[in-house]
Amino acid sequence: MRPARTGRRIVTIFILFLLFCTFAIYEINHNSSKVVGMLAGPESPSATSSVDDKQTGKYKIVIDPGHGGHDPGAPTISGLEEKAYTLALAQEVYDQLKQDPMFDPYLTRSDDTFVSLDDRAKFSNDLEADAFISIHGNTYDDPEVSGTETYYYSDSSIQLADVIHEHILAANGFKDRGVRYNDLKVLRLNEVPAILTEVGYLSNASDEALLLDHDGQAHIAQGIIDGLEDYFGGQAP
Ligand SMILES: [Zn+2]
């Protein structure tokens, strides 16, 4: 009966080996999903977006038209409201970005509704966007004051601010009023590279004419997109 007993022993060893393999495979899978889970945690949004971007092959860009609803923003020199101009320009940027295979654009509002600053930043953070661009128009008591200013809050947003600012100036030809630090809530709450551009002065007749003009907006939008392509090195993720 020795051969039968040896056979049983072989079967037992084989079953134990199978159990060991199953356990080993489970452990490997379990540990690797933990690594992905850690990358996906809120502590490292940039790591997560790079994982997601590699899957989609596109950079997620949030375009934020300033103001809206009961918040009209600044009055323009000819009596219009900032919120209508920011929406028109943001929509133009969105439409042009849609045509670009490098980008997946999002708007924080697509009509005349009020969205809180907290919700705008939360939208960008939840999406783990690659860039957040808030669009505004400036105003001042002196109608002679004109030009473009771009703001950042975190140091990790300076490069984005510099590049977009430079391309907006190339597109609109306005006076360069600089890239500046500013403790703006919508930027401070953002965990992704975030900037706010005051593209021009709505209180200045010459700036206003270009900012409200459809062709002018198309040029500025193209400048912002050129800036994004430049910032991301002209390559998909
Ligand atoms: Zn504004």
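Source: prediction; values computed, not measured.
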Distance check, rounded to the nearest 0.5 Å: [X] atom [atom1] versus [Y] atom [atom2]?
{"X": "E82", "Y": "T139", "atom1": "CD", "atom2": "OG1", "value": "8.0 Å"}
{"X": "D230", "Y": "D162", "atom1": "CG", "atom2": "CG", "value": "11.0 Å"}
{"X": "D104", "Y": "K60", "atom1": "CG", "atom2": "NZ", "value": "8.0 Å"}
{"X": "Y231", "Y": "I224", "atom1": "OH", "atom2": "CD1", "value": "15.0 Å"}
{"X": "T113", "Y": "H67", "atom1": "OG1", "atom2": "NE2", "value": "14.0 Å"}
{"X": "S116", "Y": "F114", "atom1": "OG", "atom2": "CZ", "value": "6.0 Å"}

Is it true that [X] and [Y] fall in one hydrophobic cluster, defined by side-chain heavy atoms closer than 4.5 Å?
{"X": "L160", "Y": "I61", "value": "yes"}
{"X": "L184", "Y": "Y152", "value": "yes"}
{"X": "F174", "Y": "I133", "value": "yes"}
{"X": "L107", "Y": "L87", "value": "no"}
{"X": "I158", "Y": "V163", "value": "no"}

_So, applying side-chain contact (heavy atoms from CB on, under 4.5 Å) with P65, which one of D112, D111, T86, V115 is it?_
T86
Side chains of [X] and [Y]: closer than 4.5 Å at any heavy-atom pair?
{"X": "L211", "Y": "V199", "result": "yes"}
{"X": "I220", "Y": "L210", "result": "yes"}
{"X": "S78", "Y": "E208", "result": "yes"}
{"X": "E198", "Y": "L196", "result": "yes"}
{"X": "N172", "Y": "H219", "result": "no"}

*Y140 atom OH, over 12 foreign heavy atoms within 6.0 Å*: no
Is [X] reaching over with its side chain to a backbone N or O of [Y], donor-acceptor style, under 3.5 angstrom?
{"X": "D176", "Y": "G147", "result": "no"}
{"X": "K83", "Y": "D71", "result": "no"}
{"X": "K185", "Y": "L117", "result": "no"}
{"X": "E191", "Y": "N125", "result": "no"}
{"X": "Q96", "Y": "A218", "result": "yes"}
{"X": "R120", "Y": "N190", "result": "no"}
{"X": "R180", "Y": "R177", "result": "yes"}
{"X": "N204", "Y": "P143", "result": "yes"}

*Compute the ring centroids of Y181 and Y151, then answer whether they are less than 6.0 Å apart.*
no
If every non-hydrogen atom of [X] is compared with every non-hydrogen atom of [Y], which pair is closest and at what distance?
{"X": "A131", "Y": "L228", "value": "CB-CD2, 4.3 Å"}
{"X": "V186", "Y": "D64", "value": "CG2-OD2, 4.2 Å"}
{"X": "I168", "Y": "T197", "value": "CD1-OG1, 3.5 Å"}
{"X": "D213", "Y": "D215", "value": "OD2-N, 3.2 Å"}
{"X": "I63", "Y": "A90", "value": "CG2-CB, 3.6 Å"}
{"X": "S157", "Y": "P193", "value": "OG-CA, 3.4 Å"}

*Are side-chain N/O atoms of Y201 and E149 paired as donor and acceptor at under 3.5 Å?*
yes
*asked:* We want to know whether D226 and Q222 form a side-chain donor-acceptor pair, criterion being a heavy-atom distance below 3.5 angstrom.
replied: yes
*asked:* Let's go through Y85 and T76 carefully: what are the C-alpha distance in whole Å and the side-chain angles of both, what is the deciding distance for side-chain contact (heavy atoms from CB on, under 4.5 Å) to 0.1 Å, and is it a yes or a no?
replied: CA-CA 9 Å; Y85 139 78; T76 80; 5.7 Å; no
*Step by step, would you call L202 with L212 a side-chain contact (heavy atoms from CB on, under 4.5 Å)?*
CA-CA 9 Å; L202 294 164; L212 302 188; 4.3 Å; yes
*Applying salt bridge (Lys or Arg N to Asp or Glu O under 4.0 Å), run through D118 and K122 and close with a yes or a no.*
CA-CA 6 Å; D118 297 74; K122 186 178 186 307; over 6 Å; no
*Verify side-chain contact (heavy atoms from CB on, under 4.5 Å) between V93 and I135, making sure each step is shown before the conclusion.*
CA-CA 10 Å; V93 175; I135 290 175; 4.1 Å; yes
*Verdict with reasoning, D183 to R188, per side-chain contact (heavy atoms from CB on, under 4.5 Å)*: CA-CA 6 Å; D183 186 5; R188 184 178 0 104; 2.6 Å; yes
